[in-house]
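We're numbering straight along the sequence, starting at 1.
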Amino acid sequence: MLARSAAGVEDGSIQAEIRAVSEFRDSMGRHLWTARPDDADRFLGERCRGQSHSTVSGKAFGVSVFFEYLELRHHAEIYALTGDLVQCPIDEMNRPRDGWKLNIRIPPGDAEIDKLFDGWRDHVATTRKFLPAARNYTAAKLWSQVGLRIGESTRLDMVDLKWELGPLGKVHVRFGKGSRRRGPKQRIVPLINGARDQAVWFVEEVRG
């Protein structure tokens, strides 16, 4: 609600979006982050059957906004806790034809990400100031591998690497993004998706 209010959305519109998400959740009968396009097909095509076109379109928009919020801000936490990848169930096939388009930032594919970091790694090996270049490269890899925010990674220290926790080790994020002015929010992030190997390289080969 706060994010939508900050974007200048009226309270009535925010409440309508929340009602749409609640209806969608009730139609699924399970956790929202497990939603898939076929769940939206049933919701829009069966549960909303007979409602006006503008009403159905508004509900689809509300659900899309909610899942964009999950994808942009909480996909890493949800994956770490549940193993589920958040996916917006409203796609080009079931989106009502009402002229609205949600400004969704489509993430790059695996091949594009690999190309970026392969080129970056080669550049690090030849740069004049190796240590800060390697530090920046490692921080960016952690953003992509475990979903750390930029501000969170800049305040990490060596003691925050907890190698003994879990099968891969974890990172203690002591200065995570707070909520409602309550200050930094701490959390533990597993070193998945190759993040452990990246951290070991930085600690053992770069820092020595």
Side-chain angles (χ1 to χ4, degrees), residues 1-9 14 18 21 31-33 65-88 103-108 110 112-114 116-121 123-125 127-208:
M1 290 180 63
L2 288 176
R4 297 297 284 157
S5 180
V9 181
I14 296 174
I18 293 174
V21 174
H31 296 302
L32 276 167
W33 58 79
V65 168
F66 175 75
F67 276 89
E68 183 184 16
Y69 169 77
L70 291 185
E71 290 175 0
L72 291 177
R73 298 194 179 186
H74 296 291
H75 73 280
E77 291 91 336
I78 292 174
Y79 178 78
L81 290 171
T82 69
D84 291 314
L85 291 173
V86 176
Q87 171 188 347
C88 181
N103 186 23
I104 297 177
R105 292 180 289 179
I106 301 176
D110 292 340
E112 295 173 296
I113 294 176
D114 291 341
L116 168 66
F117 283 110
D118 288 346
W120 195 345
R121 182 185 59 231
H123 173 72
V124 168
T127 189
R128 184 171 64 88
K129 296 184 177 180
F130 176 73
L131 181 58
R135 176 202 61 202
N136 295 342
Y137 171 77
T138 298
K141 288 281 283 186
L142 291 177
W143 303 340
S144 69
Q145 290 166 329
V146 300
L148 290 186
R149 297 180 177 90
I150 294 176
E152 294 171 343
S153 63
T154 60
R155 306 189 71 172
L156 289 177
D157 206 339
M158 300 294 288
V159 297
D160 296 322
L161 291 169
K162 308 298 183 181
W163 305 108
E164 73 282 1
L165 297 181
L168 297 175
K170 298 184 180 182
V171 176
H172 180 201
V173 180
R174 291 177 291 125
F175 298 96
K177 183 177 180 181
S179 62
R180 298 185 181 181
R181 301 180 182 178
R182 295 177 182 174
K185 187 176 182 180
Q186 299 188 42
R187 71 180 192 278
I188 297 294
V189 179
L191 290 169
I192 58 176
N193 299 325
R196 181 184 175 90
D197 293 337
Q198 184 63 44
V200 168
W201 172 78
F202 182 77
V203 171
E204 295 184 355
E205 298 188 30
V206 177
R207 293 293 298 269

Where L156 and H172 come nearest, the two heavy atoms and their spacing: CD2-O, 3.8 Å

Tell me, do V21 and F67 make a side-chain contact under 4.5 Å, heavy atoms counted? no

So, taking the atom named CD1 in I113 and the one named CG in D118, what distance separates them when rounded to the nearest 0.5 Å? 11.5 Å

Rounded to the nearest 0.5 Å, how far does NZ of K129 lie from OG1 of T127? 9.0 Å

To the nearest 0.5 angstrom, please state how far the CG atom of L116 sits from the CZ atom of R121. 11.0 Å

Check H74 against Y69 and note the closest heavy-atom contact, atom names and distance. NE2-OH, 3.1 Å

Within this structure, what is the CZ-CD distance for the pair F66 and E71, rounded to the nearest 0.5 Å? 11.0 Å

Look up atom CG in L161 and atom NZ in K170, then write down how far apart they are to the nearest 0.5 Å. 14.0 Å

Answer with yes or no whether the side chains of H123 and Y137 bring together a donor and an acceptor at under 3.5 Å. no

Side-chain (N136) to main-chain (A133) donor-acceptor, under 3.5 angstrom: no

Check residues 140-150 and write down every donor-acceptor pair under 3.5 Å in which the side-chain atom is one partner and the other belongs to a residue at least two apart or another chain.
{"from": "W143", "atom 1": "NE1", "to": "A139", "atom 2": "O", "distance (Å)": "3.2"}
{"from": "W143", "atom 1": "NE1", "to": "S153", "atom 2": "OG", "distance (Å)": "2.9"}
{"from": "S144", "atom 1": "OG", "to": "K141", "atom 2": "O", "distance (Å)": "2.9"}
{"from": "Q145", "atom 1": "NE2", "to": "N193", "atom 2": "O", "distance (Å)": "3.4"}
{"from": "R149", "atom 1": "NH1", "to": "E152", "atom 2": "OE2", "distance (Å)": "2.8"}

Return yes if some donor-acceptor pair links the side-chain N/O of R196 with the main-chain N/O of L168 below 3.5 Å, else return no. yes

Is there a side-chain contact between R187 and E77 (heavy atoms, below 4.5 Å)? yes

Taking only residues at least two apart or on different chains, which pairs with a member in residues 199-208 satisfy salt bridge (Lys or Arg N to Asp or Glu O under 4.0 Å)? none

Using every non-hydrogen atom in the two residues, find where I78 and T82 come nearest and quote the distance to one decimal. O-OG1, 2.7 Å

